[in-house]
Protein chains: 2
Amino acid sequence: MEQDEYRIWQTLTEQDWMEMIRASNLVRFENRETIFRQDTRSSHFMFVEQGLVKVYKTGKSKKILTLKLEGPGHFVGLLSVLGSEIHQYSASAVGPASIRFFDHDTFLKVVMRNGNFSLDLLRELSRHGLFMFDKLISQAQKQLPGKVAEVILYFSENIFHSHEFEIPLTREEMSQLAGTTKESFIRTLSEFRHDKIIDLDGKKISIRSMKIIRILNDLG
Amino acid sequence: MEQDEYRIWQTLTEQDWMEMIRASNLVRFENRETIFRQDTRSSHFMFVEQGLVKVYKTGKSKKILTLKLEGPGHFVGLLSVLGSEIHQYSASAVGPASIRFFDHDTFLKVVMRNGNFSLDLLRELSRHGLFMFDKLISQAQKQLPGKVAEVILYFSENIFHSHEFEIPLTREEMSQLAGTTKESFIRTLSEFRHDKIIDLDGKKISIRSMKIIRILNDLG
DNA sequence: TTTAACTGATGATTTATCTCATTAACCTTC
DNA sequence: GAAGGTTAATGAGATAAATCATCAGTTAAA
């Protein structure tokens with residue numbers, strides 16, 4: 001990794017950067033491998049260099065809710081590393097992914113002495129919080145079509161930047177991202193297909209009417 | 001306010017503290033007054049010195065979801081001030097409340113030059129994020145009794161630190177905290193009363209069986 | 001290569017919760 | 001102190017979504 005490869009490192013001095021990199025190691029995960037697991041002790045700061053990472057949490061009823069897929073240039077597990085001793089959620093690789101693990105103390109030392117860097121982290125954490133607040137509203141207030149449209153839109157806009165894409169998740173995993181059951185999710189997808197809002201071919205989805213998807217996402 | 005009154009200021013030097021305080025002002029809000037409103041421009045860092053502040057967000061359908069009640073010693077609106085130009089949610093006073101408004105640039109200047117302070121903010125923000133993630137799981141996976149028990153437990157443990165308390169919100173406001181409708185909330189409260197889990201007298205609630213409340217909260 | 005497990009799809013049924021409607025109690029203010 | 005507004009409570013009916021069950025197609029394992 002070069003220092004200028006990701007925006008977040010650009011506030012670091014060459015020395016800070018070198019010190020952090022030296023106290024780090026890059027780990028490659030294969031599809032579906034766990035990166036860290038809820039209820040284990042949190043230790044390292046983890047940064048996605050390549051691939052996609054699924055961030056999810058298991059409720060008391062063992063049901064899973066997936067918060068997001070984090071892509072390159074973002075941290076995973078920050079909330080737990082900074083706000084708790086124990087991981088409060090899990091993360092796993094979606095496809096092959098390279099994660100850099102930074103030594104906890106070295107990372108904090110740099111955060112403490114570099115105001116611009118810590119401010120960037122504060123902003124990253126804040127945007128993450130705003131994202132969660134939005135998701136909270138969705139879960140509390142939207143009904144099925146709105147939730148499913150949101151997931152489709154999420155892949156289209158945040159992950160693939162295209163109206164046509166192949167989703168690297170099973171239907172059940174998608175339903176966990178929507179906050180519903182796999183049956184309900186599948187059913188709603190089928191309805192979207194019948195209503196010619198999307199084309200569907202296995203894991204390939206093509207949005208035929210972005211307008212309707214947006215309306216469904218907005219109005220619930 | 002004295003510097004040692006709240007934990008968050010203890011990492012500040014006397015100079016930093018004085019500079020920030022000089023560039024701040026304390027505003028008293030009466031019950032139900034808006035402190036900041038969703039969709040307005042965010043400007044100041046706001047800190048609760050006294051009272052309770054309701055943090056809530058209005059969805060596209062105009063329905064309100066209340067995230068939490070923030071008490072003395074905590075910031076409100078941090079997510080928006082740091083992560084967005086525009087407030088993504090609202091806050092209003094629950095009873096009389098004193099809020100200190102810090103000048104944006106002065107506050108950031110201190111954050112940037114004081115590593116311990118910025119680290120404290122990072123931790124505060126992280127805990128806030130973990131709280132939201134928990135709430136997200138609740139909204140996605142719990143049904144009514146679990147959500148209502150959660151609200152009762154929240155008041156008991158986080159706000160009043162007692163099994164008996166008088167809630168400063170209407171039933172409708174409580175339902176927005178639970179993420180349901182006022183009718184459903186009232187109905188569930190009544191059921192709890194019939195089942196002798198709580199005593200109910202207007203806004204006074206007394207938990208008769210903390211054990212059952214906890215079970216309901218945990219298992220859904 | 002046969003069996004077993006997983007995934008996707010769909011129907012039928014049940015259940016939870018929302019919506020609508022009504023009433024009573026309590027404030028507020030004119 | 002009467003009228004209007006807000007809040008709390010509850011019932012009946014409508015509706016959305018979960019659950020349960022089945023089956024076909026696919027992938028993985030024995």
Side-chain angles (χ1 to χ4, degrees), chain A residues 30-32 59-66 92 94 137-152 166-195 198-205 216 219-220, chain B residues 30-32 54 59 61-66 92 94 137-152 166-195 198-205 216 219-220:
Chain A
E30 300 305 326
N31 189 27
R32 290 175 181 279
K60 292 253 167 60
S61 58
K62 307 285 174 205
K63 268 185 287 191
I64 290 173
L65 181 74
T66 300
S92 64
V94 175
I137 286 276
S138 296
Q139 286 305 315
Q141 301 183 347
K142 279 183 184 174
Q143 53 194 51
L144 219 26
K147 289 180 182 178
V148 173
E150 180 172 300
V151 169
I152 294 173
E166 186 165 348
I167 296 188
L169 303 177
T170 65
R171 295 289 193 265
E172 182 160 28
E173 288 176 303
M174 286 190 245
S175 75
Q176 291 162 351
L177 195 48
T180 179
T181 59
K182 67 171 188 304
E183 293 95 330
S184 292
F185 190 90
I186 289 171
R187 233 183 288 274
T188 308
L189 265 194
S190 298
E191 280 161 25
F192 283 9
R193 175 164 46 79
H194 284 304
D195 298 343
I198 58 170
D199 281 329
L200 206 51
D201 173 21
K203 293 194 189 304
K204 283 199 210 92
I205 290 183
L216 287 169
L219 301 176
Chain B
E30 300 304 325
N31 190 27
R32 290 174 180 281
K54 184 173 81 168
S61 59
K62 307 289 174 201
K63 270 186 286 191
I64 290 173
L65 181 75
T66 299
S92 66
V94 175
I137 286 276
S138 295
Q139 286 305 314
Q141 301 184 346
K142 279 184 184 174
Q143 53 193 51
L144 220 25
K147 290 181 182 178
V148 173
E150 179 173 302
V151 169
I152 294 173
E166 186 164 347
I167 296 188
L169 303 176
T170 65
R171 295 289 194 264
E172 181 161 26
E173 288 176 304
M174 287 190 245
S175 74
Q176 290 161 352
L177 196 49
T180 179
T181 58
K182 66 174 188 302
E183 293 95 329
S184 292
F185 189 89
I186 289 170
R187 234 184 288 272
T188 309
L189 265 193
S190 297
E191 280 161 26
F192 283 8
R193 175 163 45 79
H194 285 303
D195 297 344
I198 59 171
D199 281 328
L200 208 49
D201 173 21
K203 294 195 189 304
K204 283 197 209 93
I205 290 182
L216 287 169
L219 300 175

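So that the names make sense, note that chain A is the first sequence line, chain B the second, and so on, each numbered from 1. Excluded from the calculations below are hydrogen atoms, water molecules and symmetry mates; all remaining heavy atoms, backbone and side chain alike, are included.
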Check: Would you say A:T170 reaches C:dT7's phosphate, i.e. side-chain N/O to OP1/OP2 under 4.0 Å?
Finding: no
Notebook entry, point to check: With a 4.0 Å cut-off on heavy atoms, is B:K203 in touch with a base, just the backbone sugar-phosphate, or nothing at all?
Noted result: sugar-phosphate
Note to self: Could you tell me how far apart B:Q176 (CD) and C:dC18 (P) are, to the nearest whole angstrom?
What the structure shows: 13 Å
Item checked: Student check: side-chain heavy atoms of B:Q139 and B:K147 closer than 4.5 Å -> yes
Notebook entry, point to check: Has B:K182 got a side-chain N or O lying under 4.0 Å from the OP1 or OP2 atom of C:dT19?
Noted result: no
Next item on the list: Please report the C-alpha distance between A:L200 and A:I205 in whole Å, then the side-chain angles of each, then the deciding distance to 0.1 Å, and finally whether the side-chain contact (heavy atoms from CB on, under 4.5 Å) criterion is met.
Entry: CA-CA 5 Å; A:L200 206 51; A:I205 290 183; 3.6 Å; yes
Checklist line | Crowding at NZ, B:K203 (>12 non-hydrogen neighbours, <6.0 Å) | finding: yes
Next item on the list: Report yes if the side chains of A:R171 and A:L189 come closer than 4.5 Å at any heavy-atom pair, otherwise no.
Entry: yes
Margin query: Looking only at the side chain of B:Q143 (C-beta and beyond, no hydrogens), which of the listed nucleotides C:dC18, C:dT17, C:dG8 gets closest?
Written below: C:dT17
Margin query: Rounded to whole Å, please give me the gap between CZ in B:R171 and P in C:dA25.
Written below: 16 Å
Check: What integer distance in Å separates A:L169:CG from C:dC6:P?
Finding: 18 Å
Next item on the list: Please state how far atom CZ in B:F185 lies from atom P in C:dT19, giving the value in whole angstrom units.
Entry: 17 Å
Note to self: Rounding to an integer number of Å, can you tell me how far A:L200 CG sits from C:dG8 C1'?
What the structure shows: 10 Å
Next item on the list: Nearest whole angstrom, please: distance from the C1' of C:dA16 to the CD of B:Q141.
Entry: 16 Å
Margin query: When you compare the side chain of B:S175 with that of B:T181, does any pair of heavy atoms fall below 4.5 Å?
Written below: no
Checklist line | Toward the 5' end of DNA chain D, by each residue's nearest nucleotide, B:E183 or B:R32 | finding: B:R32
Check: Rounded to whole angstrom units, what separation is found between the CD1 atom of B:I186 and the C1' atom of C:dT17?
Finding: 14 Å
Margin query: Under 4.0 Å from OP1 or OP2 of C:dA16: is there any side-chain N or O of B:S184 that close?
Written below: no
Next item on the list: Could you give me the CA-CA distance, side-chain angles and deciding distance for A:E173 and A:T66, then say whether side-chain contact (heavy atoms from CB on, under 4.5 Å) is met?
Entry: CA-CA 8 Å; A:E173 288 176 303; A:T66 300; 6.0 Å; no
Next item on the list: Kindly say if A:R187 contacts the phosphate of C:dA12, meaning a side-chain N or O under 4.0 Å from OP1 or OP2.
Entry: no
Next item on the list: Give me the first and last nucleotide of DNA chain D, going 5' to 3', that has any atom under 4.0 Å from a heavy atom of chain B.
Entry: D:dT7 to D:dA12
Next item on the list: Could you walk me through whether A:S190 and A:R187 pass the side-chain contact (heavy atoms from CB on, under 4.5 Å) test, one step at a time?
Entry: CA-CA 5 Å; A:S190 298; A:R187 233 183 288 274; 5.7 Å; no
